[in-house]
Amino acid sequence: MGKRIVIALGGNALGNTLNEQKTAVRETAKAIADLIQDGHEVIVAHGNGPQVGMINLAMNADPNKPYIPLATCTAMSQGYIGFDLQNALSAELQDRGISKPVATVLTQVQVDLQDPAFQKPTKPIGSFMTEEQALELQKTGVNVMEDAGRGWRRCVASPKPMAIVEIDTVRALLSGGCVPIACGGGGIPVYASEDGRLLAADAVIDKDFASELLAETLNADALIILTAVEKVAINFGKPDQKWLDRLTPAEARQYEAEGHFAPGSMLPKVRAAVQFAESAPGRMALITLLEKAREGIAGTTGTSVQQ
Ligand code: ADP
Ligand code: MG
């Protein structure tokens, strides 16, 4: 029977440059179309790490022009990533004789200004600088950090997503038989002002957590996080590395405490998967390779997280 599935696409589904993206989305479209062809109802979410860094850099290259906020950069990334995905997926569905419109929803995601993440920006973005350049920039009120021995970068807050503003739009598209692309780059971060208006927040939301919220809110059966590894491992990259077929929330917590999941890459995926699996009985999260999505949902590969 067909399932309702939220697919979270990682960096490898989109490539690092505009040209890479045009090529990558063709393969990505095949993986998504496989699930649609198998009778599943699919909602697509995606990351935007390299893209939002590139846009932020380009938009703010001229110091004499007004600063373009990060939320605007994320909105731009949703637009052009959505364009390529929408274009490629429509073509792939057409080739398979499947009549289904694909539509990108510019999605705002509400965050809480009281989120402790705003006190402690942790997410490095944009290009690398020398320490001197970084400290100069810091004097203008911009947060900077040293990034894993690779140099200095601007850093921003990464608050938890609280609510998806355009969720009813996504629902309407689903009930109209469309394939929605939503919550790109974790969503455009907004917060509610005192008069109830939504204002842009200077932050980026983790796409794994935003996809989880999307799956939970839409009452999805499965959340598939497609990335650059076929399975989650313990002792990752070490001689005693062990790939995991399944993971219970309890095991995931224990492995997390033992430091098996790298923060900023595998850790948010495992946490998002656990949160989804625990959110209601019968819900399943799967972490696997983009090109293994179909096999993964059939239960023959990937790491599944279930209660
Ligand atoms: P995405 O763009 O899909 O979000 P990330 O680079 O953020 O991808 O995260 C996926 C990466 O996490 C993998 O390619 C792998 O190098 C790394 N990783 C870190 N810890 C683990 C682990 N325990 N098991 C598997 N992969 C891991
Ligand atoms: Mg990631």
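Remember, it's 1-based here, ligands and their atoms both numbered in the order they're listed.
Side chain of S158 to backbone of V204: a donor-acceptor contact under 3.5 angstrom is found.
The pair E27-K22 does not count as a salt bridge, with every side-chain nitrogen at least 4.0 angstrom from each carboxylate oxygen.
Atom 10 (C) of ligand 1 has its closest protein heavy atom at T227 OG1, 3.3 Å. For atom 6 (O) of ligand 1, the closest non-hydrogen atom on the protein side is S265 CB, 4.1 Å. Considering only non-hydrogen protein atoms, atom 15 (C) of ligand 1 sits nearest to F236 CZ, 3.5 Å. The nearest heavy-atom contact from the protein to atom 20 (N) of ligand 1 is M266 CB, 3.4 Å.
Looking only at atom types and distance, the side chain of N235 has no donor-acceptor partner in the side chain of Q241 under 3.5 Å away. At a cut-off of 3.5 Å, with distance as the only test, a side-chain donor of R283 or N219 sits close to an acceptor on the other residue.
At a 4.0 Å heavy-atom cut-off, ligand 1 touches K207 through the side chain alone. Only the backbone of H260 comes within 4.0 Å of ligand 1, counting heavy atoms alone; no side-chain atom from C-beta on gets that close.
Side-chain atoms of L113 and F118, non-hydrogen and from C-beta on, do get closer than 4.5 Å to each other.
On a distance-only criterion, K269 and ligand 1 share at least one N/O pair closer than 3.5 Å. Geometrically, ligand 1 and V229 share no nitrogen or oxygen pair separated by less than 3.5 Å.
Taking every non-hydrogen atom of A233 and a distance limit under 4.0 Å, the qualifying atoms of ligand 1 come out as 22 (C), 23 (N), 24 (N), 25 (C). Atoms of ligand 1 lying under 4.0 Å from at least one heavy atom of G10, given by number and element, are 1 (P), 2 (O), 3 (O). Counting the atoms of ligand 1 from 1 in the order shown, those under 4.0 Å from a heavy atom of A262 are 19 (C), 20 (N). Atoms of ligand 1 lying under 4.0 Å from at least one heavy atom of A228, given by number and element, are 14 (O). Those atoms of ligand 1 that come under 4.0 Å of a heavy atom in G11, given as number and element, are 1 (P), 2 (O), 3 (O). Short contacts between ligand 1 and K231, defined as distances under 4.0 Å to a heavy atom of the residue, involve ligand atoms 25 (C). Close approach of ligand 1 to F261 (heavy-atom distance below 4.0 Å) involves ligand atoms 23 (N).
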Given side-chain contact (heavy atoms from CB on, under 4.5 Å), test C183 with I164 step by step and report yes or no. CA-CA 8 Å; C183 287; I164 296 160; 3.9 Å; yes
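Atom NZ of K231 sits in a crowded spot, with more than 12 heavy atoms from other residues, nucleotides or ligands closer than 6.0 Å. Sparse packing is recorded around CD of Q94, with 12 or fewer heavy atoms of other residues, nucleotides or ligands lying under 6.0 Å away.
Within the structure, the ring pair (Phe, Tyr, Trp, His ring centres under 6.0 Å) test picks out no pair touching residues 64-93 (sequence neighbours left out).
Remark: H260 pairs with Y255 by the ring-ring contact (aromatic ring centres under 6.0 Å, His included) rule, at least two apart or across chains.
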